[in-house]
Structures are given as C-alpha cells and as structure tokens.
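What follows is a short report on a single structure.
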Amino acid sequence: MEQSLNKSAGCGDVEALYSILSADPHVLDRFDQISFVDNPLHIAAAAGNTHFAMEIATLKPSLAWKLNHLGFSPMHLALQNGHDQLVRAMLTIDSEFVRVKAKGRVTPLHYVAQIEDVDLLVDFLSVCPSSIEDLTVQCENAAHLAVKNYRFRAFEVLLGWLKRTNKEEILKWKDEDGNTVLHIATDTNQPKVMKSVIPYINVNAKNLSGLTAEDIFNFKRDSLGREVGKILRRAKAKRASELKDSSITLADYLSRDLSLMEKRDKRLGIVGKSQENSADLRNIILVVAILIATATYQAVLSPPGGYWQETSPLVTGENTNTFITSNSTHFQAGKMILGSDTYLILFYIFNSLAFYASLCTILTVISGLPYFTVLFISTSFLIYAYHFSLAGTFPSVRISRYISIMYALAVTAAAIPQMAVANHEKLKSRVDYDKRRLG
C-alpha cells in the first residue's frame, strides 16, 4: 500500500488516495511513525501536485513537519522546485509550516530570504510574524542570510517589516561568530546595507574575535570601497582598542540584583504567568491608578469649599500681593476658601502624594511598551499643569515653598521609570546573545 500511495502522490491522483485509505486506513499512520523518509507529502510537494498535497496535509498535518533522509520537509522541496502555489496553499492549513526546520535548521523563511523571493517573503512574514526570530544552526536569522547572500532587495523588505512591527532589536542579534548585520555588511562591502542598519544598531559592537566594524574595515581597507570608510566615520565608529570594555555575560547578568522592571514584574505576579494573565494584571493596576489620578486632579480643580467669587475690598491695588491667609478677613477672587493654611498644606500634600504616586505607578506599569516615551512626555506636561493650577489658586504665597518641594519630588519620581527602562534595555541587549546560544 505504501508504494501505491507514493505512486499516487507522484501523479496527484486524489481519487486513488481515498481508494487506498478505504482499503488500508492506517497507511498514513505508518508513514508518520518513520522519522526520516520520503512520505507521500514529500513526493506530492516535489512534483507540485497541490490538491493531493492539500489532502494529505489536511488528513495528517504531522507529515508536513517530517524531514526526509536528505533533511528536507515538504515545504522545502516545494520551494526548491518552484511550486509557490503549493507553498501558499499549505499555509492556509497551518501558518506554522513557515517555521519547520530542515537541514541546518533552515526554515522556509530563511530559504526565501536567500533566494530573494520577496513575494513569498512578505507572505511568510504576514502569516507567521514570529518566524523572524528563528535561527539556523549557525545562529543566523533571515536578515543575516539576506546580507550574506547579497540579497539587498530581500533585506530591504525585512528591514521595512522590522521597523513597522517595532522589532528593530533583531538587527542587533549576532551569529555564531558574534557578527551583527553591520559586521557582515562591512566585511562584504555593502554600503547600502550599512546605511540602512546603522540607526538601529550599535556601531561599535564587537564580534567573538573582539573586532568592531571599524576594525574589519581597517584590516580589509584595500579591498573595500572608500564609501564604507566614510559611512563608519560619519557614524563615529571606533576600533575595539579605543573602547572601554563594558561587556557583560549572562552569568554577570544573573548574579546582579533584579532591575526595577524585573522587580515590577515580580511584585505584580507577572513572572512565570502567561502573556494573557500578565496583561490582565497590568490592566487592573492601570485602571485603579488612572482612577486615583483622575480623582486627585479633579480635587485640585474643585477643592473642598470652592473658590472666593469676589475680592475683599481691602485687597486692591498694591495690596493684592500682600500675604493673605484664610483666617484673615482679606480674600481674593479665584483663591481657595479652605479654612486655614494648615488645612491647605495638608490637603495639598496628601492630594499631591496620591496624584504623583498614581502617575508613577502608571509609568512603571507601561514602561517598556510601545509609545512609552510619548506617554512619559504627556505625563510630565500633566504634572506641570497640576503644579501651576495649584500655584495659581492658593490664597497665600507663603505656601509656595511647599509647592516647589513637592513639585521637585514629583518630577524625580516621574523620571525613575524612564531611567529604569533605559538601563534595563541596555543591560538586556548585552545578554541577549548569550541567552539565544543557551536556548
């Protein structure tokens, strides 16, 4: 039966397939039990028999993940033989077929990046965005392979997709020799690639040989174009000998105390939880913090007792700048009515502490997320607005020193998450290479 099924696969005879299955329902199971062999799906994919391949992949999806004795999956055979229609048809069954690893851990995405089939490259990225993170046995991602094979058009597509999905960090990943895309582009004299990646990469990153892109250029100056040197000089590239050693290994990272971001996740109970549960926890905290921020800001706009509606007859002309207390008989329109300076100060301190704490909590929870910098700037403007709304409505200028102190504390507190994110991301990027190698 196995031979008959293989023959039907080569011919693309779907009717014969079901005739064989009616006579022997377990024939596909027997193929599934063999680790490395040309199963009917391999044969149909190599021959370009789309309908037959679709039937097999629907009946037994696990066969699509099998490698033959040469280390190729059905998807790889279809790509090698130019059967793009069959490849796209397979993706409608399971988009994860893009991630099946053949010999050398080369995925279909890696393959199309090497041959510069940009149409399939776009399709693969669209149906399976996570496939961009797959690495070959040499720790190469699709961007590495495109540059190594001088496929600039494919690299342009990959770069554009990374920028639009906020995954430029992948450009910093290193292969087994510690080379980033910039190292490879410098070594292979590809100035267009260099210009494209320099804004998103550390121009002074070292490979495992301890060489920066500038070192590679100096070693191969005679064989590389002058434009390569100009690009590196404009980017202020340096030799390894000119850099202070600030490298950190995964062991160094693990031996350090938890960063603020890691402490945040630990206290929120996010560590070890699924992404969905983590998002739910963040949403709950954000809702509570936003409610507190809203209530405290509203309290400034509508303080207890309200505002004086008219100015005391004694507060006119030069006397408007006189120290005024709410215990005196003098008052000014637009100022708070609260009973005494003591009450005003206590109200301001506790209300401001709640307001600033809620804003700091919001910034801490959303730190590291997209558009965090924009939200941080907006929050800073809100603190300014809060400060000036209070300063303009207090009935006594003597309280201004309390306002200034609290304002300084608020700005410092709001800056903490921003500094923590910058430090955390810098530390994280240094150990990503070690983590991927261990993984």
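- The closest side-chain heavy-atom distance from Ile34 to Val37 is below 4.5 Å.
- With hydrogens and angles ignored, the 3.5 Å screen pairs a side-chain donor or acceptor of Asn207 with a backbone N or O of Ser209.
- Side-chain contact check for Phe36 versus Lys66: every heavy-atom pair is 4.5 Å or farther apart.
- In this structure, Lys172 pairs ionically with Glu169, as a charged nitrogen and a carboxylate oxygen lie closer than 4.0 Å.
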Exercise. Would Tyr200 and Lys163 satisfy side chain to side chain contact (heavy atoms under 4.5 Å, CB included), going step by step from the backbone distance to the final call?
Worked result: CA-CA 9 Å; Tyr200 309 101; Lys163 290 191 290 187; 2.8 Å; yes

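- Annotation: side chain of Val112 is in contact with side chain of Phe124 (closest heavy-atom distance under 4.5 Å).
- The heavy-atom pair separating Val122 from Ser126 by the smallest distance is O-OG, 2.8 Å.
- The shortest side-chain heavy-atom distance between Glu116 and Val118 falls under the 4.5 Å cut-off.
- Distance CD1/Ile198 to CG/Leu171: 12.0 Å, rounded to 0.5 Å.
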Problem set entry | Check against side chain to side chain donor-acceptor pair (under 3.5 Å), His76 and Ser73 | CA-CA 5 Å; His76 288 84; Ser73 73; 2.6 Å; yes

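- Residues satisfying the side-chain contact (heavy atoms from CB on, under 4.5 Å) test with Ala142, not counting sequence neighbours, are Leu109, His110, Ala113, Ile132, Leu158.
- The two atoms that bring Lys174 and His144 nearest to each other are C-CE1, 4.0 Å, heavy atoms only.
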Exercise. Where do Leu79 and Leu120 land on the side chain to side chain contact (heavy atoms under 4.5 Å, CB included) test, with the steps shown first?
Worked result: CA-CA 10 Å; Leu79 287 168; Leu120 277 178; 3.6 Å; yes

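- Judged by distance alone, the side chain of Asp215 and the main-chain N or O of Ala240 form a donor-acceptor pair under 3.5 Å.
- Between Ile56 and Pro40, the closest heavy-atom pair is CD1-CB, 4.4 Å.
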For this session: Walk me through it: do Lys230 and Glu227 pass the test salt bridge (Lys or Arg N to Asp or Glu O under 4.0 Å)?
Result: CA-CA 5 Å; Lys230 291 180 180 178; Glu227 188 177 0; over 6 Å; no

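- Each ring pair (Phe, Tyr, Trp, His ring centres under 6.0 Å) pair with one or both residues in residues 46-70, not counting sequence neighbours, appears once here: Trp65-Phe97.
- With a 6.0 Å radius and a threshold of 12 heavy atoms from other residues, nucleotides or ligands, Lys192 has its NZ atom at or below the threshold.
- Counting heavy atoms from C-beta on, the side chains of Ile201 and Glu168 never come closer than 4.5 Å.
- A donor-acceptor contact shorter than 3.5 Å is absent between the side chain of Arg105 and the backbone of Lys101.
- Residue Arg239 places its CZ atom among 12 or fewer non-hydrogen atoms of other residues, nucleotides or ligands, all under 6.0 Å distant.
- Taking 4.5 Å as the limit, every side-chain heavy atom of Leu28 sits out of range of all side-chain heavy atoms of Asp32.
- Summarising the local packing, NZ of Lys220 is surrounded by more than 12 heavy atoms from other residues, nucleotides or ligands at distances under 6.0 Å.
- Atom CD1 of Ile170 and atom CD of Glu133 lie 5.0 Å apart (nearest 0.5 Å).
- One finds the OG atom of Ser8 at 4.0 Å from the CD1 atom of Ile20 (value rounded to the nearest 0.5 Å).
- Interatomic distance, Leu59 CG to Leu21 CG, rounded to the nearest 0.5 Å: 6.5 Å.
- The local environment of CD in Gln80 is crowded, with over 12 non-hydrogen atoms from other residues, nucleotides or ligands closer than 6.0 Å.
- The salt bridge (Lys or Arg N to Asp or Glu O under 4.0 Å) contacts involving residues 43-60 comprise Asp29-Lys60, where partners must be two or more places apart or lie in separate chains.
- Remark: Asn149 engages Gln114, Leu145, Arg151 in a side-chain contact (heavy atoms from CB on, under 4.5 Å) (not counting sequence neighbours).
- A donor-acceptor pair shorter than 3.5 Å cannot be found between the side chains of Thr107 and Asp134.
- The local environment of OH in Tyr18 is crowded, with over 12 non-hydrogen atoms from other residues, nucleotides or ligands closer than 6.0 Å.
- Heavy atoms only, all atoms of each residue included: Ala213 and Leu232 are closest at O-CD1, 3.8 Å.
- Listed by chain and number, the residues in a side-chain hydrogen bond (donor to acceptor under 3.5 Å, both in side chains) with Thr188 are Gln190 (sequence neighbours excluded).
- Looking at heavy atoms from C-beta onward, Val87 lies out of side-chain contact with His83 at the 4.5 angstrom threshold.
- Distance alone, capped at 3.5 Å, is enough to place a donor-acceptor pair between the Asn189 side chain and the Gly225 backbone.
- Distance alone, capped at 3.5 Å, is enough to place a donor-acceptor pair between the Asn81 side chain and the Leu77 backbone.
- Within a 6.0 Å radius of CZ in Arg221, other residues, nucleotides and ligands contribute more than 12 heavy atoms.
- Shortest non-hydrogen contact noted between Ala237 and Glu214 is CB-OE1, 3.9 Å.
- Residues satisfying the side-chain hydrogen bond (donor to acceptor under 3.5 Å, both in side chains) test with Thr136, not counting sequence neighbours, are Glu140.
- The heavy-atom pair separating Leu86 from Ala53 by the smallest distance is CD1-CB, 3.9 Å.
- One finds the CZ atom of Arg99 at 5.5 Å from the SG atom of Cys128 (value rounded to the nearest 0.5 Å).
- If you take OG1 on Thr212 and NZ on Lys238, they are separated by 11.0 Å, rounding to the nearest 0.5 Å.
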Exercise. Could you walk me through whether Asp117 and Asp84 pass the side chain to side chain contact (heavy atoms under 4.5 Å, CB included) check?
Worked result: CA-CA 10 Å; Asp117 189 334; Asp84 294 356; 3.4 Å; yes

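- Taking the side chain as every heavy atom from C-beta outward, Leu182 and Met194 approach each other to under 4.5 Å.
- A salt bridge is defined here as a Lys NZ or Arg NE, NH1 or NH2 lying under 4.0 Å from an Asp or Glu carboxylate O, and Asp175 with Lys148 meets this definition.
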Exercise. Does the side chain to side chain contact (heavy atoms under 4.5 Å, CB included) test come out yes or no for Phe31 and Leu5, once each step is laid out?
Worked result: CA-CA 10 Å; Phe31 276 109; Leu5 187 55; 3.9 Å; yes

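- Using modelled atom types, no side-chain atom of Ser95 and backbone atom of Leu91 make a donor-acceptor pair closer than 3.5 Å.
- Of the possible donor and acceptor atoms, none in the side chain of His183 sits under 3.5 Å from a partner among the backbone N and O of Asp177.
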